[in-house]
Amino acid sequence: MPDPAVPPTPPVALSALLAREDLGLRQIAGPKDTNTVIHWAHTSEMADPYPYLLGGELLLSAGVHIPEAAGSGSLGDYFDDYVSRIVAAGGAALGFGLAPVHDTVPRALVEACDTYGLPLLEVPPQTTFSGVARAVWQLMAQARHAELRRVTEAQQSLAAAASRPDPVRAVLRQLAQRIGGWAVLYGPEGAESASAGRAPDGQGPEAASAGRAAEATAAGRAAEIAAAGREPGDVVRGALAELAAVVRPSGPGTPTSATDTAAGTHLAAYALGAGQGFVLGVAAPHRDTGDHTIASVAAVLLSLLTGEHQSGSGAARSSALVRLLLGAKPEAVAPLLGSSGWLVVHGSPDAQPCDPVAAAALGAALGSPLVDLARDVVRVLVPADREPAPQPGWTLGVSAPATARDWPAADTQAARALSRARATRAPLHRHGTHRPALTDLLSPGEAEAHARALLAPLTPPLAETLRTWLSLHGSWDRTAVALAVHRNTVRQRIARCAALLGTDLDDPDVRMELWFALRHGER
């Protein structure tokens, strides 16, 4: 039979429901232990409740469906079929109401519940089924509240552990304590890097809700292990290592987490970070509802602690930064960053202002951790082999490929490409590649000297306004958008440029000469 599809809510112990004095419930058949749990209450008077059960229910019935031939020999067969169908559907327990149809619980029903191991509760006349269901939901709410409190306290303790000396082992110790088991960190090569908690011995019980069938399976596994001459603890360690290999990044379809059970111990593995190869493994004798959440929080913290800043690429970036601060030239430290060619990307968020989290997210989307947040613009240094693509919520300007020596020029190109993208309302604009032009016939030195002389009367803000206005074919509105100023401000600045230069900016020859001058003057 398939496993019952119980809901992801904290179960309620049957013993807690029996302890409610206001209900007056009494168990009269079935196993009397503390392992039985229920996930909800359901009332049905169907002779075959199987199609209507999802698993984990306390089924409540007043016996309306029972045939009138009470006391006949066929009634035993009826209850045998009835109880077997409840068990097959995954029902957790049966509650039988003494009113208004029956004064006592049929003896044949008691015997059938004992035979199939289904807890049978006697519901007194003064207790309504709705009252029982309400009590179940109240206990479930209390359990949910307690579980949330446990998870919250665990999150706080894990975060505190991450700030202590030797944070990786501190987080593992706190995780092992919270789940009552063993936590291990596997390195990229699969070896145990660090561990904490009680080492697995394979003696943990199966989940309480698994029932007798699971216990028999666990006993069978233990017998097989003993016959093979292996210790249960070794089996658990080996199974957890194999589970960690399943989630270790190996391709696009690799899962980020996985669970299993070995020798009565619950196992879970979580891949840490993006492609770093570290895996968190967890082994515990039980698996409570909040354990996955707690382990996931620990996995996130360990991802940060074992991330790129702990890896070779992170160390290389730190070394490059230190060397730059100590006076090394960019081209000398560029090899440490792992690329010979680079693109500079300027990004402007559609929703201002930009914060460090959004800036880091943009860098991650472009595939580079080299991110700088400056006012309302994010600058990202991207290896040239990673072609930037438009990003939702961002306007991007991309430079031409550049070596480390040309980073400043590429930064200027990206800034102007961003202005162009803003003006044209495009999500991304790339700086155009160079191709032979008439200006290549001029001596660069002479052209630059002429440009400086021609543009000398203009202040930098005026020169930038003129350059943007010319690049946008004299559009006042688009220039205002690109410069983030009012269109009247653009008109005033352009009029000022015409006055200082003593020329007519409506003349296309004048515009062409000024454009060439601005192009040469920016070098």
Side-chain angles (χ1 to χ4, degrees), residues 1-9 11-14 17-18 23 25-33 35-125 127-137 139-140 207-217:
M1 297 302 299
D3 294 333
V6 295
T9 54
V12 174
L14 182 61
L17 193 63
L18 292 170
L23 298 178
L25 302 178
R26 186 169 66 94
Q27 183 173 350
I28 59 176
K32 297 182 178 180
D33 54 43
N35 290 334
T36 302
V37 295
I38 56 179
H39 290 269
W40 41 34
H42 176 66
T43 300
S44 175
E45 297 297 343
M46 303 298 294
D48 181 11
Y50 181 94
Y52 310 98
L53 299 181
L54 297 178
E57 296 96 343
L58 167 62
L59 178 62
L60 300 171
S61 172
V64 177
H65 58 87
I66 298 176
E68 295 182 359
S72 67
S74 62
L75 196 58
D77 295 335
Y78 173 83
F79 281 125
D80 189 81
D81 293 339
Y82 178 69
V83 174
S84 66
R85 293 289 282 174
I86 296 175
V87 173
L94 173 64
F96 192 87
L98 296 183
V101 181
H102 298 272
D103 296 331
T104 60
V105 180
R107 182 61 190 169
L109 177 59
V110 175
E111 295 174 352
C113 288
D114 279 330
T115 300
Y116 286 94
L118 180 69
L120 175 62
L121 311 184
E122 180 185 85
V123 183
T127 301
T128 63
F129 286 173
S130 60
V132 175
R134 181 177 60 185
V136 170
W137 295 121
L139 290 171
M140 191 173 294
S209 60
R212 293 183 175 180
E215 293 176 3
T217 302

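- Between Leu58 and Leu121 there is a side-chain heavy-atom pair separated by less than 4.5 Å.
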Is there a side-chain hydrogen bond (donor to acceptor under 3.5 Å, both in side chains) between Asp48 and Tyr82 once you walk through the steps?
CA-CA 6 Å; Asp48 181 11; Tyr82 178 69; over 6 Å; no
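- Here CZ of Arg26 is found 9.5 Å from CG of Leu120. Values are rounded to the nearest 0.5 Å.
- Residues Leu54 and Trp40 form a side-chain contact, since some pair of their non-hydrogen atoms from C-beta on lies under 4.5 Å apart.
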Using side chain to side chain contact (heavy atoms under 4.5 Å, CB included), reason through Val110 and Phe79 one step at a time and then give a plain yes or no.
CA-CA 9 Å; Val110 175; Phe79 281 125; over 6 Å; no
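- Taking OG of Ser44 as the reference point, atom CG of Leu53 lies at 7.0 Å (rounded to 0.5 Å).
- The shortest heavy-atom contact between Thr36 and Ala92 is CG2-O, 3.9 Å.
- A pairwise comparison of heavy atoms in Pro119 and Leu14 identifies CB-CD2, 3.7 Å as the closest pair.
- Within the 4.5 Å cutoff, no side-chain heavy atoms of Phe96 are placed close to those of Leu59.
- Under the 4.5 Å side-chain criterion, counting only non-hydrogen atoms from C-beta, His65 is in contact with Tyr78.
- For the residue pair Ala62 and Val101, the shortest heavy atom distance occurs at O-CB, 3.6 Å.
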Test side chain to side chain contact (heavy atoms under 4.5 Å, CB included) on Leu109 and Leu94; report intermediate values, then the result.
CA-CA 10 Å; Leu109 177 59; Leu94 173 64; 3.9 Å; yes
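- A distance of 9.0 Å separates NE2 of His42 from OH of Tyr52, quoted to the nearest 0.5 Å.
- Closest approach of Gln27 and Ala29 over heavy atoms only: NE2-O, 3.1 Å.
- Rounded to the nearest 0.5 Å, atoms CG (Leu75) and CZ (Arg107) are 13.0 Å apart.
- Within the 3.5 Å criterion, the main-chain N or O of Gly30 finds a donor-acceptor partner in the side chain of Asp114.
- A donor-acceptor pair under 3.5 Å is absent between the side-chain atoms of Thr127 and the main chain of Val123, judged by distance alone.
- Looking at Val12 and Val37, their side chains never come closer than 4.5 Å, going by heavy atoms from C-beta outward.
- When side chains are defined from C-beta on, Ile38 does not count as touching Glu57, because their heavy atoms never get closer than 4.5 Å.
- Heavy atoms only, all atoms of each residue included: Pro124 and Leu23 are closest at CG-O, 3.4 Å.
- Under the rule for a salt bridge (charged side-chain N to carboxylate O under 4.0 Å, His left out), Glu45 has no partner lying at least two apart in sequence or in another chain.
- Among all heavy-atom pairs drawn from Leu17 and Ala135, the shortest one is CD1-CB, 4.0 Å.
- The line from CG of Asp80 to SG of Cys113 is 10.5 Å long, rounded to the nearest 0.5 Å.
- Applying the salt bridge (charged side-chain N to carboxylate O under 4.0 Å, His left out) rule to Asp81 yields no partners; only residues at least two apart in sequence or on another chain are considered.
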